[in-house]
Amino acid sequence: MLRTGLFFDPYSASKLFTPCALGTFSSLEYARKMFDQIPQPNLYTWNTLIRAYSSSAEPIQSFMIFLQLAYNSPYFPNEFTFPFVIKAAARLVQFPVGQAIHGMVIKSSFEDDLFISNSLIHFYAICGDLAMAYCVFVMIGKKDVVSWNSMISGFVQGGFFEKAIELYREMEMENVKPDEVTMVAVLSACAKKRDLEFGRWVCSYIEKNGIKMDLTLSNAMLDMYVKCGSLEDAKSLFDKMEEKDIVSWTTMIDGYAKLGEFDAAMSVLAAVPIQQIATWNALISAYEQNGKPNEALSIFHELQLSKNVNPDEFTFVSVLSACAQLGAMDIGVQIHAKMKKQGIKLNCYLTTSLIDMYTKCGNLDKALEVFHTVKSRDVFVWSTMIAGFAMYGCGREALDLFSRMQEAKVKPNAVTFTNVLCACSHSGLVDEGRMFFNQMEPVYGVVPGVKHYTCMVDMLGRAGLLDEAVEFIEKMPIVPGASVWGALLGACKIHENVELAEYACSHLLELEPENHGALVLLSNIYAKTGKWDNVSELRKHMRVSGLKKEPGCSSIEVNGEIHKFLAGESSHPLCKEIYSKLDEIVARLKSFGYVPNRSHLLQLVEEEDVQEQALNLHSERLAIAYGLISVEPSQPIRIVKNLRVCGDCHTVAKLISKLYNREILLRDRYRFHHFRGGNCSCMDYW
DNA sequence: CTAGGGTTAG
């Protein structure tokens, strides 16, 4: 075409250019070079380039070309131009840019164009402004199926499932025939609402009305069945599907794994024809999110051995979270190293997971290092770091971070405030806590939820302001949940207030009759205040009603292996050594003037129904003894306990840290205790 | 003289 000169004819050039820019196997880079050499590209050619960029990896180039078109060409954008730039704005979630383009659309009198309106609906919905999307939607005179689809999908993606289904009904009433895209959106709404009945109705509607069953629609059905818990329907559809892709396989694995049918999930995984990381991720994350972090890590281990595929960002998020749950720092560090080696770039999800892992494993410094080195920090990253400080009782540092977060113009959310209030609570920063709580709604627009009220009650109660805590509960605009009464009960235990404890406990049991922890706490308060009759009555009641509690369990990681200890157990291979170490510890402590606090003995109810030697058999002690035997003296002993640490064990840990000159990091249900030189970082305020 | 918008899983 260059030789014949045809290339210099704008129309002919456009014919050559289109397949180069849009073809599946062509290179956009090459097309761009060609474009720059077309002497006078016509508007069609401009639009084609904008279109190509809008669905490319760099949608931002669409804007660049759009601006060139508007300012450096003889043309003005037309009805074909706008849908593509709006799509680019949607893909980049650039709200102000899209708004500006919308403005241009109106000024240039294109606002009645159906295609442009439909793109705008999609754009506003993606940006989360459903009110504006709906505004554009109702303004359309003659809506077509795409208008309805865009709006329905918008509602589904924004979490307004009810609205989506309502709109679908309206669509039926207006006699607009739904197509397969409509059904995908409606099924997605059913899936998220867990509405199996309506989901089944939709499936039969699809069949009756001959809606084209493509792969996407089959997958959407599959997902609906899985999410609504009907694995049988999912399985029979899956077996019937002629064509399957990675989404189909992953959906099935996810379904089985989330229901705890791990063998079934594994067998689907083994049958996937092409190994892809997504299928592994479905399994790993299901384990991790179902409280089976060990299993998650063992699948990860298998993945590494298989060597067919490499872990990706999603995998790392899951396995780091598994390490965080376990307090498995050595494994976490190895995973972090692997990420670096694999050249994984830290996104905000990964940063959050890393910080969470390091803080929950007891390495605040490393968490801070990650926090300071990353380039971008979203609200989750900041909130997690604040939560980290809170866990260590570093209230001041947490609040300092909170103000720096605002300087960085990151808007705090409900979780941020939970963490901030938690930090105030753990550090006794009552005035600050009150202030932030009062500012939440008026200043930050975050409506306090039950978690925030719980933090406040915990903070006031812990600080001994029990009357204020009660008054606070009475003034709550929402119904106080079990956690609120639990916080009050916990405070009563610290401050030995029997009457208030009974009051809180009765409320708590009204809401949660099965809450064994409440009775345990109450019995501990009775014990602490010497009300032995009440103690035995309560314990009898608990035995009779057969209430089972979560057994106390402490774990410690040694050389990348997690060792778990239940109270009084003797199944560990080094059991003998551990018990003789415990005897040695007690002897050494006693010679140093240690007297066991007998009131804690009654807490054996909280631990296990072991009658003798109860204090010595607490799970955290077994773990500490094992740590003394097996962890290098230069390394801190890191322990994770599923319940709160007992007061006597806390004293013992402090003494051990001094007498044995060891650092002990103990993570209990709520916070960290860092024992060093005879003291604990919590300053005994916990 | 050409063309465009909406869809599922990890």
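We name chains A, B, ... by the order of the sequence lines, and we start the count at 1 in each one.
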Just call it for [X]: base, sugar-phosphate, or nothing, with non-hydrogen atoms closer than 4.0 Å on any strand.
{"X": "A:Gln157", "value": "sugar-phosphate"}
{"X": "A:Asp245", "value": "nothing"}
{"X": "A:Asp9", "value": "nothing"}
{"X": "A:Leu114", "value": "base"}
{"X": "A:Ile277", "value": "base"}

Has the side chain of A:Asp214 got a donor or acceptor atom sitting under 3.5 Å from an opposite partner on the base of B:dT8?
no

Check this for me: does the side-chain of A:Ser14 come within 3.5 Å of the base of B:dT2 through a donor and an acceptor?
yes

Those residues at least two apart in sequence (or on a different chain) that pass salt bridge (Lys or Arg N to Asp or Glu O under 4.0 Å) with A:Asp233 are A:Arg200

Measure the distance from [atom1] on [X] to [atom2] on [N] and round it to the nearest whole Å.
{"X": "A:Phe17", "N": "B:dC1", "atom1": "CZ", "atom2": "P", "answer": "21 Å"}
{"X": "A:Phe316", "N": "B:dG10", "atom1": "CZ", "atom2": "C1'", "answer": "15 Å"}
{"X": "A:Asn281", "N": "B:dA9", "atom1": "CG", "atom2": "P", "answer": "15 Å"}
{"X": "A:Asn42", "N": "B:dC1", "atom1": "CG", "atom2": "C1'", "answer": "10 Å"}
{"X": "A:Tyr168", "N": "B:dT7", "atom1": "OH", "atom2": "P", "answer": "18 Å"}
{"X": "A:Leu187", "N": "B:dA9", "atom1": "CG", "atom2": "P", "answer": "11 Å"}
{"X": "A:Met252", "N": "B:dG10", "atom1": "CE", "atom2": "P", "answer": "14 Å"}
{"X": "A:Phe84", "N": "B:dT2", "atom1": "CZ", "atom2": "P", "answer": "14 Å"}

When you measure from every atom of DNA chain B, which of [range] have a heavy atom less than 4.0 Å away?
{"range": "residues 63-80 of chain A", "result": "A:Glu79, A:Phe80"}
{"range": "residues 219-231 of chain A", "result": "A:Asn219, A:Asp223"}
{"range": "residues 43-59 of chain A", "result": "A:Tyr44, A:Asn47, A:Arg51"}

When you measure from the side chain of A:Thr216, which nucleotide among B:dG4, B:dT7, B:dG10 comes out closest?
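Given the options B:dG4, B:dT7, B:dG10, the side chain of A:Thr216 is closest to B:dT7.
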
Listed nucleotide nearest any side-chain atom of A:Phe115, set B:dG4, B:dG10, B:dA9:
B:dG4

Where does the angle between the aromatic ring planes of A:Phe82 and A:Phe110 fall among parallel (under 30°), tilted (30 to 60°) and perpendicular (over 60°)?
tilted

For the residue pair A:Tyr134 and A:Phe155, does the interplanar ring angle fall in the parallel (under 30°), tilted (30 to 60°) or perpendicular (over 60°) class?
tilted

It should be established whether A:Gln276 places a side-chain nitrogen or oxygen under 4.0 Å from OP1 or OP2 of nucleotide B:dA9.
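Checking A:Gln276 against B:dA9: no side-chain N or O falls below 4.0 Å of OP1 or OP2.
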
Sidechain N-carboxylate O distance under 4.0 Å for A:Glu162, A:Lys193:
yes

Charged tip of A:Lys244 within 45° of A:Phe238 ring normal and under 6.0 Å
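Because its charged atom sits under 6.0 Å from the ring centre and within 45° of the axis, A:Lys244 does stack over A:Phe238.
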
Near-ring test [Y]/[X], centroid separation under 6.0 angstrom:
{"X": "A:Phe66", "Y": "A:Trp46", "result": "no"}
{"X": "A:His336", "Y": "A:Phe316", "result": "no"}
{"X": "A:Tyr168", "Y": "A:Trp148", "result": "no"}

Which atom of A:Met221 lies closest to which atom of A:Ile206, heavy atoms considered:
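In terms of heavy atoms, the two residues are closest at CE-CD1, 3.7 Å.
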
A:Asn419 (side chain) donor-acceptor with A:Ser383 (main chain) under 3.5 angstrom
yes

Enumerate, atom names and distances included, each donor-acceptor pair closer than 3.5 Å involving a side-chain atom of residues 13-23 of chain A, sequence neighbours excluded.
unit_1  : atom_1 : unit_2  : atom_2 : d
A:Ser14 : OG     : A:Tyr11 : O      : 2.6
A:Thr18 : OG1    : A:Ser14 : O      : 2.9
A:Thr18 : OG1    : A:Tyr44 : OH     : 3.2

Looking at residues at least two apart in the chain, or sitting in another chain, which of them share a side-chain hydrogen bond (donor to acceptor under 3.5 Å, both in side chains) with A:Ser12?
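By the side-chain hydrogen bond (donor to acceptor under 3.5 Å, both in side chains) rule, A:Ser12 matches A:Asp9.
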
I'd like to know whether CG of A:Asp263 has more than 12 heavy-atom contacts from other residues, nucleotides or ligands below 6.0 angstrom.
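No, not enclosed.
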
